[in-house]
Structures are given as structure tokens and as C-alpha cells.
Amino acid sequence: MPELPEVETTLRGIEPYLQSQTITDIIIRDNRLRWPVPESFKMEAKNQVIKSVKRRGKYILIETPDGTIILHLGMSGNLRILPENSTVKKHDHIDIILSSKHCLRFHDPRRFGACLWTKGDPLDHKLLINLGPEPWDDEFNAHNLHKQSRQRRIAIKNFIMDSKIVVGVGNIYASEALFLSGINPNNAAGKISLKRYEALVTAIQVILDQAIKQGGTTLRDFTNSSGEPGYFKQELSVYGREGEPCNKCNEPVRKKVIGQRSSFYCVKCQS
DNA sequence: AATCGCGCCTGACGGC
DNA sequence: TGCCGTCAGGCGCGAT
């Protein structure tokens with residue numbers, strides 16, 4: 001399931017193939033993604049030259065002079081670089097054909113992903129304009145988290161998964177970062193001390209950095225742009241390890257649903 | 001304003 | 001073997 005490290009891994013894989021290429025054609029086999037792929041997309045993006053490829057949160061932005069393609073991988077999406085006319089498999093919904101005769105292929109079994117076209121500054125798009133800071137931005141710091149969380153009773157796990165607070169922290173890395181910083185995921189965000197927020201900010205950055213270095217986490221279906229899995233799964237401390245011993249203290253890892261999402265933690269190491 | 005919970009969707013898996 | 005229920009989960013959105 002693509003979170004920030006998986007999106008970043010994808011971005012790094014596709015960027016060299018996209019830079020300065022002309023989009024010679026677009027094939028939409030199924031427009032039923034999270035939002036219907038807009039009718040205008042094919043005509044507007046065709047013949048555009050790709051200026052840059054960026055990431056904002058979990059969104060991938062392919063910028064051209066006349067507009068930007070906004071991609072989101074949802075739960076099960078991936079992007080691959082393939083020779084054009086490669087064999088089409090089930091759930092290969094969109095091909096963006098490049099002048100190099102490669103194609104960028106969007107594959108997404110669950111269709112929670114998105115492919116949109118926007119003119120003007122993509123950061124002003126409705127989906128992006130309210131996003132919080134990137135995890136490595138100066139603005140993402142303990143002082144701000146502490147200030148933003150006062151009087152809030154929301155569980156800390158849900159708080160750090162809120163994209164208005166910080167982008168890119170999904171279910172897996174939220175559990176991992178809270179373990180690393182020794183914070184119980186159920187704690188009310190508003191009761192957490194400045195000092196603990198300092199540890200949490202660092203933990204989020206460390207976990208995401210490590211996951212990017214490992215090419216992301218593949219639980220089931222994530223692959224990078226070459227079709228290979230990520231290797232961070234073997235470094236997960238708590239996620240998906242219910243009943244297995246905590247690797248710090250041997251206490252069995254617990255699983256609890258918080259905000260309709262499975263959360264994993266150690267009762268001894270996290271308080 | 002903050003919080004909660006729904007719904008979108010397919011595939012894997014377990015039980016019978 | 002096959003059918004069916006459950007779970008997985010990003011995240012916008014409507015309801016409270």
C-alpha cells in the first residue's frame with residue numbers, strides 16, 4: 001500500500017524516463033478511478049512536453065507548459081515504465097506514451113487511485129491546497145505539533161495520519177514511528193508533551209528515510225517502476241506482528257483498531 | 001471546529 | 001472444489 005516512501009520510490013524510478021519527453025498519446029482503458037478520469041485529459045495532455053515530475057504528499061505531479069497531471073496511487077496502484085505496446089494486463093487502466101517509445105503505465109486493481117488534469121499551479125488544486133508540511137520541512141517540528149494539538153482529544157496515531165498536520169504518514173509508518181518514539185498510539189494528541197513531540201518528529205523522519213532507502217514496503221502488491229518489491233517489510237518493528245515478540249522487550253505485540261485502522265504497538269515500550 | 005464513520009474496490013484468505 | 005464472509009486501507013466527504 002503506497003505511503004510516502006512508496007510514492008517517492010516510484011517517483012525516483014519514473015522521473016528519468018519522463019523528463020523532457022513529449023507525451024505523444026494517452027490510452028485510457030478504464031476511467032473509473034476514485035474520480036472519473038476527466039474527458040479533457042487525453043486531448044489536453046497530448047503533445048505536451050514534460051517540464052518536471054514532483055511529489056507533494058502522496059500525489060505525483062507531472063508538469064507540462066499547459067497543465068499538470070495529478071496522479072495518486074491509492075491503495076493498490078503502481079506506475080511502471082514499459083516499452084510502448086507492452087502486453088496489457090488486467091487493471092492496466094492508463095498508458096501515457098512518450099516520444100522515447102516508452103510508456104508510463106498506471107495499474108490499480110482496487111481503483112482507489114486517481115488521474116486528474118489541472119491547469120495553473122497544481123499546488124492550488126483543491127486536493128493539494130490544504131495539505132500540511134512535508135515531513136522534512138522546517139515547519140514540521142515539535143513546537144508546531146504541540147501547539148496544533150492542544151485541546152485535541154484525537155488519538156496521536158490519527159493525528160499524525162491527518163494530512164493537514166503532516167503529509168505522507170499512512171497506517172504502517174504511523175505505527176512504526178510511534179513505536180520508535182515510545183508513544184502509545186491511543187494517547188490523546190493534546191496531552192503529549194513538547195519533549196515527546198520532538199522524539200516523534202525525529203522518529204517519523206527516520207522511519208520514512210529508512211523506508212525510502214529500502215525502496216518502500218511491499219506487503220502484497222506494491223512494486224516500484226521496474227516491477228520490483230520494496231524491502232522495508234523485514235525492518236518493520238510492530239506493523240503486522242500481532243502476537244510476535246517485541247524486538248526490544250519480547251512482550252507480544254498488540255493489535256488494536258484505532259480510528260477504523262489496525263494499529264500495532266508494544267504495551268511495555270509505548271506509554 | 002473537531003471528530004466520527006462511510007464508501008469506494010478487488011483479491012487473498014479462511015471456514016465450511 | 002467452490003462459495004461466501006471478512007479484511008486490507010487512503011482519504012474525501014457528509015453527518016454529528
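In what follows, chains carry the letters A, B, and so on, assigned in the order in which the sequence lines appear, proteins first and then strands, with residues in each chain numbered from 1.
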Looking at every strand, decide which applies to A/Arg32 at a 4.0 Å heavy-atom threshold: base, sugar-phosphate, or nothing.
-> nothing
Integer-rounded Å distance: B/dC9 C1' and A/Lys90 NZ | 12 Å
Under 4.0 angstrom between A/His91 side-chain N/O and B/dG11 OP1 or OP2 = yes
Does a donor on one side chain and an acceptor on the other come within less than 3.5 Å for A/His107 and A/Asp92?
-> yes
Please say whether more than 12 non-hydrogen atoms of neighbouring residues, nucleotides or ligands are located less than 6.0 Å from CZ in A/Phe140.
-> yes
To the side chain of A/Met75, which of C/dG10, B/dG11, B/dC6 is closest?
-> C/dG10
Strictly by modelled atom types, are A/Tyr197 and A/Ser181 linked by a side-chain donor-acceptor pair under 3.5 Å?
-> no
A/Asp108-A/Ser76 side chain donor-acceptor pair, cut-off 3.5 Å | yes
Mind calculating the distance between CG (A/Asp108) and P (B/dC8) to the nearest angstrom?
-> 16 Å
Within the structure, does a side-chain N or O atom of A/Lys255 lie under 4.0 Å from either OP1 or OP2 of C/dC7?
-> no
Counting any heavy atom closer than 4.0 Å, what does A/Tyr59 reach on the DNA or RNA strands: base, sugar-phosphate only, or nothing?
-> sugar-phosphate
When A/Arg34 and A/Arg152 are each assigned the nearest nucleotide of DNA chain B, the 5'-most assignment goes to A/Arg152
Taking the side chain of A/Asn171 as heavy atoms from C-beta outward, which of C/dG12, B/dT10, C/dG10 is closest to it?
-> C/dG10
Between atom CD1 in A/Ile60 and atom C1' in C/dG10, what is the gap in whole Å?
-> 14 Å
Just checking A/Arg111: base, sugar-phosphate only, or nothing, at a heavy-atom cut-off of under 4.0 Å?
-> sugar-phosphate
Are any of the side-chain nitrogens in A/Glu15 or A/Lys54 under 4.0 Å away from the carboxylate oxygens of its partner?
-> no
Any idea which of C/dG12, C/dG10, B/dT3 is nearest the A/Trp35 side chain?
-> C/dG12
Separation of C/dG12 atom P from A/Asp162 atom CG, nearest Å, is 10 Å
Write down the distance between CG (A/Leu33) and P (B/dC9), rounded to a whole number of angstrom.
-> 11 Å
Give one of base, sugar-phosphate or nothing for A/Leu73, where a contact means two heavy atoms less than 4.0 Å apart.
-> nothing
Counting just side-chain N and O atoms, does A/Ser262 come under 4.0 Å of either OP1 or OP2 of C/dA8?
-> yes
Return the value, rounded to whole Å, for the distance between atom CG of A/Asn158 and atom P of B/dA1.
-> 21 Å
Step through the shown structure and confirm whether more than 12 heavy atoms of other residues, nucleotides or ligands are within 6.0 Å of NZ on A/Lys51.
-> yes
Which nucleotide sits closest to the side chain of A/Arg153: C/dG12, C/dG10, B/dT3?
-> B/dT3
Rounded off to whole Å, could you give me the CG-to-C1' distance for the A/Leu71 and C/dG10 pair?
-> 15 Å
Which part of the nucleic acid does A/Lys126 contact within heavy-atom distance under 4.0 Å: base, sugar-phosphate only, or nothing?
-> sugar-phosphate
For A/Lys164 and B/dA2, is the shortest distance between a side-chain N/O and OP1 or OP2 below 4.0 Å?
-> no
Separation of B/dT10 atom P from A/His93 atom NE2, nearest Å, is 9 Å
Base C/dG10 to side chain A/Arg261, donor-acceptor N/O within 3.5 Å cut-off = yes
Which nucleotide in the list B/dG5, B/dG11, C/dG10 gets nearest to the side chain of A/Gln260?
-> B/dG5
Ring-on-base stacking between A/Phe112 and C/dC11, under 5.5 Å between centres and under 30° between planes: is it there?
-> no
